Amino acid sequence: MRPVDLARRHGLSTQAVRNYEEAGILPPAHRSRTGYRDYTATHAAGLAAYLALVPAFGYSTSRRIMHAVTGGRLDEALEYVDAGHALLARDRNTLRTVEAALSHLGASTPDAAAGTRTPYSTGELARHLALNPATLRAWERAGVLTPQRDRRGHRRYLAQDVRDAELAHLLRRGGQPLGAIATVLGELRDAGSLDALARTLEGWRRDLTSRGTAQLYAAGQLSAYLDSLDGSARTGSAPGRGPH
């Protein structure tokens, strides 16, 4: 097929198709005697696979997958796919942990820690949570906590800081790293309340579902491309997968 035929099938420009070929995402096109590109069903399958991979794994990883597959390095391509699936699984686990922590926190302390005696000093908050004061200072360095300072430079933990510390404590017991906890608490502070964060988490869940279904669809498209490469290799018309 002509470049324009392949481009129209996916609503792309012919230049975009040529760019994908030149970038190694698609195999080299056949050339007619006059130098015009001729694309085959293998190129069509490759383009469909790449466009399906992007919403599933992002542009960078999708390009790596296609470079590896088109270059005959199947195991390398599958490692990228596996890493994408593992990241999705970790994100799902983080979401479950945060939702469980919010449930416990909401049941034990009203939003904004109403009724909590504040401000706390570092030592008082550490005793409240049964933690070492050094742990609270480490959480602050990691961006998990953001206490205010009084005129003498002493930390003062207000109601929102106590709420953040309690949530961080729950997440740490759930095995979450400080970087992930800092991100969650940053979102909580931006949202302004537990209810707002719960709505944010619902959006996160929808995004994870979308990624999961996109990965399922991309797997089918990538498999079809691999089959097309194998068929092309048998007829000698395009590069194959290589040894596997």
Side-chain angles (χ1 to χ4, degrees), residues 6 9-12 16-17 19-28 41-102 142-143 171-172 174-187 197 199-233 238-244:
L6 187 55
R9 179 178 297 186
H10 297 285
L12 300 172
V17 174
N19 290 343
Y20 291 149
E21 177 194 346
E22 292 169 0
I25 292 172
L26 300 177
T42 296
H43 297 96
L47 183 56
Y50 175 67
L51 295 177
L53 287 166
V54 168
F57 299 99
Y59 283 100
S60 179
T61 298
S62 298
R63 292 172 76 90
R64 293 189 181 101
I65 293 170
M66 293 301 293
H67 286 155
V69 169
T70 302
R73 304 184 304 277
L74 179 58
D75 285 343
E76 180 184 332
L78 293 178
E79 287 177 3
Y80 291 126
V81 172
D82 291 345
H85 291 160
L87 178 60
L88 179 61
R90 287 197 299 272
D91 286 347
R92 286 191 184 282
N93 181 62
T94 298
L95 176 62
R96 285 194 297 269
T97 301
V98 173
E99 288 177 332
L102 285 178
L171 291 173
R172 285 299 281 168
Q176 297 303 314
L178 288 179
I181 296 173
T183 298
V184 170
L185 290 177
E187 292 176 352
L197 179 58
R199 291 192 293 272
T200 298
L201 294 179
E202 182 57 35
W204 187 9
R205 178 177 293 281
R206 289 194 296 270
D207 289 342
L208 293 179
T209 298
S210 179
R211 278 171 53 196
T213 55
Q215 287 183 4
L216 286 175
Y217 179 70
Q221 296 298 308
L222 185 60
S223 179
Y225 180 42
L226 291 169
D227 289 342
S228 180
L229 284 171
D230 273 352
S232 296
R241 296 193 204 180
H244 59 278

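Here, residue 1 is the first one in the sequence, and each next residue gets the next number. The structure presented is a predicted model; accordingly, all values stated were derived computationally and were not measured.
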(request) State, to 0.1 Å, how close Ala142 and Ala182 come at their nearest heavy-atom pair, and which atoms those are. (result) O-CB, 3.6 Å
(request) Provide the closest heavy-atom pair for Pro27 versus Leu229 in the form atom of the first, atom of the second, distance. (result) CG-CD2, 4.4 Å
(message) What's the separation between atom CD in Glu21 and atom CG in Leu6, rounded to the nearest 0.5 Å?
(response) 10.0 Å
(message) Nearest 0.5 Å, please: how far is CG in Leu78 from CG in Leu226?
(response) 7.5 Å
(message) If I take atom CZ from residue Arg92 and atom OG1 from residue Thr209, how far apart are they, to the nearest 0.5 angstrom?
(response) 5.0 Å
(request) State, to 0.1 Å, how close Val81 and Leu222 come at their nearest heavy-atom pair, and which atoms those are. (result) CG2-CD2, 4.2 Å
(message) Distance check, rounded to the nearest 0.5 Å: Arg172 atom CZ versus Leu178 atom CG?
(response) 4.0 Å
(message) Just so I know, are the side chains of Arg9 and Leu47 near enough to count as touching, which here means a heavy-atom distance under 4.5 Å?
(response) no
(request) Sort and list the pairs that fulfil side-chain hydrogen bond (donor to acceptor under 3.5 Å, both in side chains) and have at least one residue in residues 59-68, not counting sequence neighbours. (result) Ser60-Arg64
(message) Arg205: which residues meet the salt bridge (charged side-chain N to carboxylate O under 4.0 Å, His left out) condition with it, sequence neighbours left out?
(response) Glu99
(message) Do Leu51 and Leu12 have side chains that approach each other closer than 4.5 Å (heavy atoms only, starting at C-beta)?
(response) yes
(message) Distance check, rounded to the nearest 0.5 Å: Arg90 atom CZ versus Leu95 atom CG?
(response) 15.0 Å
(request) Identify the heavy atoms of Met66 and Ala49 that sit nearest to each other, and give their distance. (result) SD-CB, 4.3 Å
(message) Which heavy atom of Ala45 sits nearest to which heavy atom of Ala224, and what is that distance?
(response) CB-O, 4.4 Å
(message) Looking at every non-hydrogen atom in both residues, tell me the closest pair between Ala56 and Gln215 and how far apart they are.
(response) O-NE2, 3.4 Å
(message) Distance check, rounded to the nearest 0.5 Å: Leu185 atom CG versus Leu171 atom CG?
(response) 7.0 Å
(message) Can you pull out every ring pair (Phe, Tyr, Trp, His ring centres under 6.0 Å) where at least one residue sits in residues 209-230? Sequence neighbours excluded, please.
(response) none
(message) Can you list everything that forms a ring pair (Phe, Tyr, Trp, His ring centres under 6.0 Å) with Tyr20? Sequence neighbours excluded, please.
(response) Tyr50
(request) Please examine the side chains of Leu208 and Leu88, heavy atoms only from C-beta on, and report whether any two atoms are closer than 4.5 Å. (result) yes
(message) My understanding is that only residues two or more places apart in sequence, or in another chain, count here; which of them pass salt bridge (charged side-chain N to carboxylate O under 4.0 Å, His left out) with Glu79?
(response) none
(message) Going by the rule side chain to side chain contact (heavy atoms under 4.5 Å, CB included), which residues pair with Ala77 if we only count those two or more places apart in sequence or in a different chain?
(response) Ile65, Ala68, Val69
